[in-house]
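Working notes, structure below.
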Amino acid sequence: MTFPSPKHDHHACTQNIVSHAEKVCARTGARLTEQRRDVLVCVAESHQAVGAYEIIERMAAHGPRPAPITVYRALEFLQAQNLVHKIESRNAFVACSEVHDGAPAALLICESCNNVSEVLDRNAAAGLIDAAKVQGFTVKRSVVELSGICAHCRSA
Ligand SMILES: [Zn+2]
Ligand SMILES: [Zn+2]
Ligand SMILES: [Zn+2]
């Protein structure tokens, strides 16, 4: 995966995210309902993190306005399937089309264009989890956020 370039074909990204979600749900037996898929498509509208309020606005722009609770529940479902990640520092969400296989997400957040990408490094994650175990700590959930400037913004 590469950091999204400002000139890329985002239509392909959206299609990729939806087909990835279908595959993941088919494998895990989870149900990708129409509403959950709609929420995912709205999150995936761009590579910038989006808050729950803006997701509701996006849904209302092309259909009936959803109740906030249904959007929150759909986001919880999508997070549990690793189809969406929450950026804790911004209380916002990004869609994911990576195969995690148990590796936690490390999110790359550009401070200039606000686009978000991610890196999957099983060894780095395992190193942190092992270090936590040494302290007798069992990791249940981990979110790594790396904030900085992407290559596109740096060269601009
Ligand atoms: Zn894209
Ligand atoms: Zn991911
Ligand atoms: Zn950038």
Side-chain angles (χ1 to χ4, degrees), residues 1-122 125 140-156:
M1 146 157 232
T2 53
F3 205 90
S5 133
K7 284 179 280 222
H8 77 286
D9 171 20
H10 188 63
H11 186 66
C13 298
T14 311
Q15 279 187 328
N16 190 31
I17 280 165
V18 171
S19 67
H20 170 72
E22 283 166 353
K23 265 183 241 151
V24 167
C25 290
R27 199 174 59 227
T28 62
R31 237 160 59 80
L32 188 65
T33 60
E34 205 173 319
Q35 193 135 36
R36 287 165 172 173
R37 177 202 292 253
D38 281 354
V39 171
L40 178 63
V41 168
C42 286
V43 174
E45 235 173 63
S46 81
H47 292 280
Q48 297 176 344
V50 60
Y53 179 77
E54 173 65 20
I55 294 168
I56 292 168
E57 290 304 311
R58 286 180 186 177
M59 290 183 78
H62 59 75
R65 177 175 291 269
I69 187 73
T70 52
V71 172
Y72 283 114
R73 282 194 187 133
L75 286 169
E76 272 169 30
F77 167 86
L78 294 166
Q79 282 180 86
Q81 303 293 326
N82 265 331
L83 297 172
V84 154
H85 299 305
K86 185 177 186 188
I87 299 179
E88 301 285 346
S89 63
R90 296 187 178 202
N91 197 21
F93 302 87
V94 283
C96 171
S97 60
E98 299 292 307
V99 177
H100 277 261
D101 271 337
L107 300 163
L108 309 179
I109 307 160
C110 178
E111 291 166 1
S112 175
C113 65
N114 285 312
N115 278 341
V116 179
S117 184
E118 63 183 279
V119 283
L120 287 176
D121 185 331
R122 234 163 292 276
K140 288 176 109 174
R141 205 169 73 88
S142 82
V143 179
V144 177
E145 299 179 7
L146 304 170
S147 183
I149 302 292
C150 79
H152 309 293
C153 290
R154 207 184 48 221
S155 66

Pair V39, M59 - check side-chain contact (heavy atoms from CB on, under 4.5 Å), show working. CA-CA 7 Å; V39 171; M59 290 183 78; 3.6 Å; yes
Pair V116, H47 - check side-chain contact (heavy atoms from CB on, under 4.5 Å), show working. CA-CA 6 Å; V116 179; H47 292 280; 5.8 Å; no
Would you please test C150 and C113 for side-chain contact (heavy atoms from CB on, under 4.5 Å) and show each step? CA-CA 8 Å; C150 79; C113 65; 3.9 Å; yes
Quick check on H62: does its NE2 atom have over 12 non-hydrogen neighbours (other residues, nucleotides or ligands) under 6.0 Å away? yes
Test R31 against C25 for side-chain contact (heavy atoms from CB on, under 4.5 Å), laying out the working first. CA-CA 6 Å; R31 237 160 59 80; C25 290; over 6 Å; no
Give, for atom CG of L32 and atom NZ of K23, the distance between the pair rounded to the nearest 0.5 Å. 13.5 Å
Which heavy atom of H20 sits nearest a heavy atom of L83, and at what distance? CD2-CD2, 3.7 Å
Closest non-hydrogen atoms of K86 and L107, given as atom of the first, atom of the second and distance, are O-CD1, 4.1 Å
Side chains of T33 and F77: closer than 4.5 Å at any heavy-atom pair? no
Test your reading of the model: is there a side-chain donor-acceptor pair from T70 to the backbone of P66, 3.5 Å cut-off? no
Pairs satisfying salt bridge (charged side-chain N to carboxylate O under 4.0 Å, His left out), at least one member in residues 39-65, at least two apart: E45-R58, E54-R58, E57-R65
For residues 146-156, which residue pairs pass the side-chain hydrogen bond (donor to acceptor under 3.5 Å, both in side chains) check, not counting sequence neighbours? E111-S147
I need the minimum non-hydrogen distance between C110 and I149, along with the two atoms involved. SG-CA, 4.0 Å
In Å, rounded to the nearest 0.5 Å, how long is the span from NE2 of H8 to CZ of F3? 10.5 Å
For A95 and V43, work out which heavy atoms get closest and say how close. N-CG1, 3.5 Å
Heavy atoms only: give me the nearest I55-F93 pair and the separation to one decimal. CD1-CD1, 4.2 Å
Does R36 reach the main-chain N or O of L78 with its side chain, forming a donor-acceptor pair under 3.5 Å? no
Quick one: ring pair (Phe, Tyr, Trp, His ring centres under 6.0 Å) partners of H100, sequence neighbours excluded? H85
Please give me the minimum heavy-atom distance between A52 and L75, naming the atom from each residue. CB-CD1, 4.4 Å
How long is the span from the CG atom in L40 to the CD atom in Q81, to the nearest 0.5 Å? 11.0 Å
Short question: side chain of H10, backbone of A44 - any donor-acceptor pair under 3.5 Å? yes
Can you measure from CD1 (I17) to CD (E98) and round to the nearest 0.5 angstrom? 9.5 Å
Counting neighbours of CD on E88 that are heavy atoms of other residues, nucleotides or ligands and sit closer than 6.0 Å, is the number greater than 12? yes
Does V84 reach the side chain of C96, with side-chain heavy atoms less than 4.5 Å apart? no
Counting distance only, does the side-chain N/O of E145 pair as donor-acceptor with the main-chain N or O of I109 below 3.5 Å? no
